[in-house]
> 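Provided herewith is a single structure, encoded as structure tokens, for subsequent inquiry.
Keep in mind that the numbers below use all heavy atoms, side chains included, and drop hydrogens, waters and symmetry copies.
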Amino acid sequence: MTETSLLGHLSLRLSVHPENIATEALTIVLKRSRTASVAFRQFIGLTGVCLPDSLSFEAQQVGLDRAIPDLRCVDESGRTRAVVENKFWAGLTENQPVTYIRELAHSEEAVVLFVVPDARRTTVWTELLTRCSTAGLQLSSITQSSAITFAHVTPLLCLAITSWRNLLDVLNTAVVSSGDMAAANDIAQLRGLCNAIDSEAFL
């Protein structure tokens with residue numbers, strides 16, 4: 001049986017939108033733990049996109065066309081360098097992914113990353129490709145691996161997708177190796193929330 005955490009248990013019972021709690025939890029982990037933020041940037045680096053050390057993390061800030069990405073990663077000059085959209089079982093909104101791609105700093109390396117359950121990774125990726133094609137965005141160099149799937153929109157911009165399990169495994173391995181047990185405990189709570197949401201959707 002898949003275990004849930006206290007956070008997962010309470011979120012499903014007290015929150016209408018537990019997905020927002022998952023986003024806030026991920027943001028807190030990345031803000032509080034230097035090790036986790038470095039591991040996150042290294043994970044993004046698998047796409048070839050190199051994000052700066054100076055990233056700050058902002059949850060659910062309104063952007064272009066009133067779009068509200070779950071997590072925005074901003075450099076010291078205020079430019080959005082990464083947009084992270086955390087999905088569980090909800091569908092894509094009308095802004096995803098095209099509006100997010102267009103609001104990125106096109107003069108710098110940047111990425112739009114979708115984080116979804118393992119079971120949705122293929123179907124959501126297919127829909128993302130279709131929406132980009134419909135909007136006239138020509139993707140190239142599509143690359144698939146067990147960790148992350150990505151494609152280039154331009155030489156500097158990437159669209160990517162991974163699973164919650166993959167991302168949390170990477171962060172957890174890094175913080176445990178560095179002895180950051182506070183971050184490891186936070187990640188365990190977030191993992192339990194993800195498990196709870198997945199279990200609820202299955203039922």
> Give, for atom CG of Asp169 and atom OG of Ser163, the distance between the pair rounded to the nearest 0.5 Å.
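Spacing of CG (Asp169) from OG (Ser163) equals 7.5 Å.
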> Once rounded to the nearest 0.5 Å, what's the spacing between atom CG of Asp186 and atom CG of Asn172?
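The CG atom of Asn172 is 11.0 Å from CG of Asp186, to the nearest 0.5 Å.
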> Whether the side chain of Arg120 engages the backbone of Phe88 through a donor-acceptor N/O pair (distance < 3.5 Å, no angle test) should be reported.
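Checking the backbone N and O of Phe88 against the side chain of Arg120, a donor-acceptor pair under 3.5 Å is found.
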> Under the side chain to side chain contact (heavy atoms under 4.5 Å, CB included) criterion, do Cys132 and Ile101 qualify, and how do the steps go?
CA-CA 9 Å; Cys132 286; Ile101 291 171; 4.0 Å; yes
> Go through the steps for Arg121 and Ile161 under the test side chain to side chain contact (heavy atoms under 4.5 Å, CB included), then give the verdict.
CA-CA 7 Å; Arg121 186 169 157 183; Ile161 192 168; 4.2 Å; yes
> Would Leu46 and Val84 show up in the same hydrophobic cluster when neighbours are defined by side-chain heavy atoms closer than 4.5 Å?
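In one cluster with Leu46: Val84, yes.
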> Taking Ser178 for the side chain and Val175 for the main chain, is one N or O donor matched with an acceptor at less than 3.5 Å?
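Answer holds: yes.
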> Could you walk me through whether Leu167 and Leu26 pass the side chain to side chain contact (heavy atoms under 4.5 Å, CB included) check?
CA-CA 10 Å; Leu167 178 59; Leu26 178 59; 4.2 Å; yes
> Do Leu171 and Ser33 make a side-chain contact, defined as non-hydrogen atoms from C-beta onward lying under 4.5 Å apart?
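Leu171 does not reach Ser33 side chain to side chain.
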> Does the side chain to side chain contact (heavy atoms under 4.5 Å, CB included) test come out yes or no for Leu129 and Ile142, once each step is laid out?
CA-CA 10 Å; Leu129 295 181; Ile142 297 177; 4.3 Å; yes
> Which distance, rounded to the nearest 0.5 Å, do you find between the CG of Leu159 and the CG of Leu137?
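Separation between the atoms: 9.5 Å.
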> Just by distance, do the side chain of Arg131 and the backbone of Val98 share a donor-acceptor pair under 3.5 Å?
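No; judged by distance alone, with no hydrogens or angles, the pair does not exist.
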> Salt bridge or not for Lys87 and Asp70, using N-O below 4.0 Å?
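The answer is no: the pair does not qualify as a salt bridge.
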> Side chains of Leu30 and Arg41: does their closest heavy-atom pair fall under 4.5 Å?
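They are not in side-chain contact.
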> Strictly distance-based, threshold 3.5 Å: is any side-chain N or O of Thr154 a donor or acceptor partner for the main-chain N or O of Leu156?
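Between the backbone of Leu156 and the side chain of Thr154 there is a qualifying donor-acceptor contact (under 3.5 Å).
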> Are Trp89 and Leu168 joined in one hydrophobic group, where the rule is that I, L, V, M, F, W and Y side chains link up if heavy atoms are under 4.5 Å apart?
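Both belong to a single hydrophobic cluster.
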> Is the closest side-chain heavy-atom distance between Glu85 and Thr93 below 4.5 Å?
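A side-chain contact is absent here, since even the closest heavy-atom pair is not under 4.5 Å.
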> Okay, side chain of Asn166, backbone of Ser146: is any donor-acceptor separation there less than 3.5 Å?
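Between the backbone of Ser146 and the side chain of Asn166 there is a qualifying donor-acceptor contact (under 3.5 Å).
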> First locate atom SG of Cys50, then atom CZ of Arg81, and finally report the distance between them rounded to the nearest 0.5 Å.
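With rounding to 0.5 Å, SG (Cys50) is 8.0 Å from CZ (Arg81).
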> Working to the nearest 0.5 Å, report the span between CG of Leu157 and CG of Leu104.
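The CG atom of Leu157 sits 6.0 Å away from the CG atom of Leu104.
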> For the residue pair Thr27 and Thr23, establish whether any side-chain heavy-atom pair is separated by less than 4.5 Å.
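Of all side-chain heavy-atom pairs linking Thr23 with Thr27, at least one is under 4.5 Å.
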> Can you tell if the side chain of Leu92 reaches within under 4.5 Å of the side chain of Leu128, non-hydrogen atoms only?
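Yes, their side chains come closer than 4.5 Å.
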> Is Asn20 close to Glu24 at the side-chain level, that is, under 4.5 Å between some pair of heavy atoms?
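Contact flag for Glu24/Asn20 side chains = no.
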> Donor-acceptor check, side chain of Thr173 to backbone of Val170, threshold 3.5 angstrom: yes or no?
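Not at all, since once roles are kept as given, no pair shorter than 3.5 Å links the two residues.
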> Would you confirm whether Thr143, through its side chain, and Ser141, through its main-chain N or O, come within 3.5 Å as a donor-acceptor pair?
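Yes, Thr143 side chain to Ser141 backbone: donor-acceptor pair under 3.5 Å.
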> Quick one: CZ on Phe150 to CG on Leu113, what's the gap to the nearest 0.5 Å?
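The CG atom of Leu113 is 12.0 Å from CZ of Phe150, to the nearest 0.5 Å.
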